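The shown structure was predicted, so the numbers you read here are calculated from the model rather than taken from an experiment. Keep in mind that the numbers below use all heavy atoms, side chains included, and drop hydrogens, waters and symmetry copies. A, B, ... follow the sequence lines: proteins, then strands. Residue 1 opens every chain.
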Amino acid sequence: MFRVLQTCKGVHPLRFWPFLQACCTFSPAATTSLQFISDGYENENKDLDFKLLFSSCTNVHLAKRLHALLVLSGKAQDIFLSTGLVNLYANLGDVSFARHTFDQIQKKNIFTWNSMISAYARVRRYHEAVNCFYQLLLTSRLQPDSYTFPPVLKACGNMVDGKKMHCWVLKLGFEWDVFVAASLVHMYSRFGFLGVARKLFNNMPVRDMGSWNAMISGFCQNGNAAEALDLLDEMRLEGVKMDPVTVVSILPVCALSDDILVGILVHLYSIKHGLESDVFVSNALINMYAKFGNLGHAQRVFDQMEVRDLVSWNSIIAAYEQNEDPITALGLFKEMQLVRIQPDLLTAVSLASIVAQLSDHRNSQSVHGFVARRGWLMEDVIIGNAVADMYAKSGSVDSARRVFEGLPVKDVISWNTLITCYAQNGLASEAIEFYHMMVAHIEIIPNQGTWVSILPAYSHVGALQQGMKIHGRVIKNCLYLDVFVGTCLIDMYGKCGRLDDAMSLFYQVPRKSSVPWNAIISCHGIHGHGEKALKLFKEMMDDGVKPDHVTFVSLLAACSHSGLVDEGQWCFNVMQEKYGIKPSLKHYGSMVDLLGRAGRLDLAYNLIQNMPIQPDASVWGALLGACRIHGNFELGSIASDRLFEVDSENVGYYVLLSNIYANVGKWEGVNKVRSLARERGLKKTPGWSSIEVNNKVDVFYTGNQTHPRCEEIYEELEVLTAKMKSLGYVPDYSFVLQDVEDDEKEHILTSHSERLAIAFGIISTPPKSTIRIFKNLRVCGDCHEATKFISRITEREIIVRDSNRFHHFKNGICSCGDYW
DNA sequence: GTAGGGTTAG
């Protein structure tokens with residue numbers, strides 16, 4: 001190599017640059033040679049073309065070689081060359097090496113400092129950029145110039161820093177520089193000081209494209225769509241044309257303000273003026289179309305791109321992921337890897353969400369590993385939250401919790417994610433506990449997402465008083481007009497038995513979307529007010545609100561609970577014919593339930609037989625339930641056979657079947673079901689009931705013996721049972737699946753969670769006051785009977801909300817007409 | 001040799 005290089009003496013360095021690239025490491029001989037050559041070269045030609053040399057360094061590796069060359073040739077302290085090196089490293093993204101080089105330079109000039117400051121700003125290490133600025137002021141005798149301020153102003157993280165910087169600008173007299181002025185405008189508008197920004201903008205003696213864009217993007221980043229569009233108009237009137245930057249600023253605002261028309265106009269403008277070839281413009285277009293749910297247009301823009309960068313791929317993947325097409329999104333991710341685009345943190349965020357939608361536990365773990373290996377979990381809270389959410393959605397509560405615990409920084413969304421995780425996996429008490437833990441961290445300020453995650457948990461356990469406290473906070477935070485929070489509150493009041501409050505809230509929130517309508521219709525349904533639910537549905541249609549599949553699930557359930565057969569069938573037809581919604585398993589389940597309860601078992605069975613999709617356990621279960629109510633043993637056994645073909649796990653169905661056998665006196669059948677249940681080692685969903693007394697929710701599990709007032713509760717139940725028996729109560733053992741003696745069966749029935757909760761209510765509230773109980777499963781038939789007696793004996797109203805509906809017990813009668 | 005205004009997120 002030495003000899004090769006020796007023969008190159010006097011040759012322009014660029015000529016042997018490919019050769020340098022080929023050398024992976026410098027051997028000692030090569031190092032000497034390089035020194036020899038550069039020395040020799042310099043002797044012949046004083047003006048080296050280092051500018052060209054710099055630009056030929058396309059990666060950090062080559063930059064380091066050049067750096068070595070400069071050091072070896074004794075030029076490392078040359079102020080032009082060393083500043084060039086700082087810039088070179090900064091442009092290649094290696095800011096720490098830029099800093100290292102910067103620190104080595106003994107006599108820095110303002111160019112050197114400016115390069116370093118802008119290097120930090122470019123990689124968004126804003127804090128260091130500002131520090132560097134102050135270091136310049138304090139440690140050097142140099143004065144900042146007009147090039148210093150634009151990056152520093154960009155780096156100001158808050159208005160306090162920003163105002164200080166503005167003072168320096170004024171003090172040094174750079175406020176009229178067009179770059180500095182535009183940076184000031186942008187800074188003020190970024191922090192929402194739009195008035196100040198506008199004033200500065202108006203006072204600018206010269207406005208270039210950058211000034212207009214600074215002002216427009218300031219409005220856009222504030223979500224101030226109207227003002228941004230006004231300014232765009234103003235710009236047009238002054239004869240200034242949009243450039244790619246303007247377009248890219250304005251497109252996200254179109255999506256934000258739901259203005260597809262302006263979006264399309266801007267797209268057409270971009271095509272006409274050839275701006276589409278700008279990668280940023282195409283990327284912004286993909287994002288905008290994705291937000292409008294228009295995947296066809298997003299894909300078309302993507303397909304037409306000549307150059308695609310990481311953001312293009314991230315955008316198209318997110319487009320499909322956010323429009324609930326995880327399969328296509330995953331395919332695109334694989335394609336991206338094939339064209340060797342390295343994924344980044346944002347790709348991983350989409351990936352986590354894709355896997356969450358696919359609810360695939362094995363893939364969850366590989367995504368987690370993928371993210372952890374790259375150290376992203378430690379780097380950014382967003383990806384940590386996304387991974388926790390992924391586990392939450394696939395039902396892995398423990399994994400989600402572990403990810404949460406491992407996060408170096410937790411923000412309000414991390415907490416919200418975990419609260420939602422517990423609430424949506426049926427662990428309402430844990431969700432509430434977690435919320436209390438969150439509130440104890442004063443640095444975490446609850447937001448809209450917090451209310452949306454905690455309110456359903458309160459609804460679930462019937463914590464009305466605590467839910468009302470949240471309502472108070474929501475009003476304080478002016479969020480009561482938010483559709484999602486409002487809907488959660490409607491749902492909470494409705495499910496806690498306060499239908500009037502739910503209604504008055506309903507008429508306060510915006511009702512353009514189906515979301516609040518679905519909630520209020522469902523609330524009336526579970527209260528057994530089917531007529532009112534239908535009336536609301538008609539009101540919804542009059543208001544021109546488009547119902548969705550959820551609306552019809554609620555409506556059908558409402559009709560079913562109130563025995564409105566014709567109306568239910570009408571809904572079922574309207575759904576398909578008027579709104580083109582294909583019935584899902586849930587709709588079929590509700591229809592079978594509706595027909596079955598009303599005694600139209602033949603129609604129900606017929607409907608199942610003609611279903612275009614495979615009936616699942618809930619559909620057969622609905623038929624089985626109807627057979628129990630109407631004592632149809634034959635159809636019941638058909639239903640149970642088919643039911644156990646598709647789901648033999650759910651213990652509730654065995655109870656139902658056992659009860660059907662018992663009602664027709666087939667005791668061997670009861671025994672058969674019992675042994676079947678035992679053989680299959682059924683996994684039981686633990687039944688629990690809750691009651692809120694004095695702002696505190698107590699949760700009782702079946703057979704609970706750990707409650708502090710446990711003894712009193714069982715004593716009370718014993719007294720009650722004796723009184724009930726004297727009034728004619730006979731325990732119905734067919735609701736007990738365990739194969740034990742009758743005494744034991746009676747004990748099992750007595751220790752059902754709903755009875756423990758009722759007994760606790762009786763001993764801890766004033767006589768004759770109303771008792772409200774919440775049960776996570778359907779209320780047991782024997783408990784239903786017993787509660788009727790208890791309401792008579794204690795002269796109390798007892799309201800039990802189970803997983804299906806409200807049961808209102810008064811004077812020994814239940815509002816559901818015993819069709820539980 | 002140095003600068004401003006631009007797209008994607010839980």
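- In the set dA3(B), dG5(B), dT8(B), the nucleotide with an atom closest to the side chain of S118(A) is dA3(B).
- The distance from atom OH of Y89(A) to atom C1' of dT2(B) is 18 Å, rounded to the nearest whole Å.
- Here S217(A) reaches the OP1 or OP2 of dG6(B): one of its side-chain N or O atoms lies under 4.0 Å away.
- Taking atom CE on M288(A) and atom C1' on dA9(B), their separation rounds to 19 Å, with Å as the unit.
- The CG-P distance, from L232(A) to dG5(B), rounds to 19 Å in whole Å.
- Taking 3.5 Å as the limit, the base of dG6(B) and the side chain of N283(A) contain no donor-acceptor pair of atoms between them.
- If you check every strand for non-hydrogen atoms under 4.0 Å, Q221(A) touches sugar and phosphate atoms only.
- In this structure, the ring of H368(A) has its center less than 6.0 angstrom from the ring center of Y391(A).
- The S315(A) side chain lies nearest to dT8(B) when the options are dG6(B), dT8(B), dT2(B).
- Under the 6.0 Å cut-off for aromatic ring centres, W212(A) and F201(A) qualify, their centroids lying closer than that.
- In this structure, the aromatic ring of F111(A) is not positioned over the six-membered ring of the base of dT2(B) within 5.5 Å between centres and 30° between planes.
- Look at CG on L136(A): it is 18 Å from P on dT2(B), rounded to the nearest Å.
- Among the heavy atoms of the strands lying under 4.0 Å from N314(A) is at least one base atom, whether or not backbone atoms are also near.
- Ring centers of Y120(A) and H127(A): at least 6.0 Å apart, outside the cut-off.
- Using a 4.0 Å heavy-atom distance criterion, T83(A) is classed as a base contact.
- Residue contacts for V349(A): at a heavy-atom cut-off of 4.0 Å it reaches the sugar-phosphate backbone alone, with no base atom in range.
- The side chain of N87(A) has dG1(B) as its nearest neighbour among dT7(B), dG1(B), dG4(B).
- Within the 4.0 Å cut-off from OP1 or OP2 of dA3(B), not a single side-chain nitrogen or oxygen of K154(A) is found.
- Checked against dT7(B), dA9(B), dA3(B), the side chain of I382(A) finds its nearest nucleotide in dA9(B).
- If you measure from atom CG of N114(A) to atom C1' of dG4(B), you get 13 Å, rounded to the nearest angstrom.
- Proximity note for S211(A) (side chain, C-beta onward) versus dG4(B), dG6(B), dT2(B): the nearest is dG4(B).
- In the set dT7(B), dG6(B), dG4(B), dG6(B) carries the atom at the smallest distance from any side-chain atom of V281(A).
- Nearest nucleotide to the side chain of A284(A), out of dA9(B), dT7(B), dG1(B): dT7(B).
- Within 3.5 Å, no donor on the side chain of S183(A) pairs with an acceptor on the base of dG4(B), nor the reverse.
- Among the protein residues, S146(A) comes within range of the nucleic acid bases, having at least one heavy atom under 4.0 Å from a base atom.
- Here the closest non-hydrogen pair linking P144(A) and L137(A) is CG-CD2, 3.7 Å.
- Under the 6.0 Å distance and 45° angle rule, R374(A) counts as a cation-pi partner of F370(A).
- Atom-to-atom, CD of E175(A) to P of dA3(B) comes out at 22 Å; the value is rounded to the nearest Å.
- Side-chain atoms of D243(A) come within donor-acceptor range of the base of dG5(B), with a qualifying N/O pair under 3.5 Å.
- Counting only distance, with no hydrogens or angles, the side chain of Q424(A) and the backbone of A392(A) share no donor-acceptor pair below 3.5 Å.
- Although no hydrogens or angles enter the test, the distance criterion places a donor-acceptor pair under 3.5 Å between the side chain of T112(A) and the main chain of N109(A).
- When rounded to the nearest whole Å, the span between CZ of F102(A) and C1' of dG1(B) equals 14 Å.
- At the heavy-atom level, N416(A) lies nowhere under 4.0 Å from the strands shown.
- Of the candidates dG6(B), dG1(B), dA3(B), the closest approach to any side-chain atom of D278(A) belongs to dG6(B).
- Minimum atom distance to the side chain of P244(A) is reached by dG6(B), of the listed dG6(B), dA3(B), dT2(B).
- If you check every strand for non-hydrogen atoms under 4.0 Å, L184(A) touches nothing.
- Residue T148(A) is out of contact with every strand shown, counting any heavy-atom pair closer than 4.0 Å.
- When the nucleotides dT8(B), dG1(B), dG6(B) are ranked by their closest atom to the side chain of P252(A), dT8(B) comes out on top.
- In this structure, D380(A) contributes its side chain and I383(A) its backbone to no donor-acceptor pair below 3.5 Å.
- Among the protein residues, M209(A) comes within range of the nucleic acid bases, having at least one heavy atom under 4.0 Å from a base atom.
- Nucleic acid contact for K291(A): sugar-phosphate only, since backbone atoms but no base atoms lie under 4.0 Å from a heavy atom of the residue.
- At the heavy-atom level, V381(A) lies under 4.0 Å from base atoms of the strands shown.
- Taking side-chain N and O atoms only, R122(A) has a distance below 4.0 Å to OP1 or OP2 of dA3(B).
- Rounded to whole angstrom, the span from the CH2 atom of W376(A) across to the P atom of dA9(B) amounts to 16 Å.
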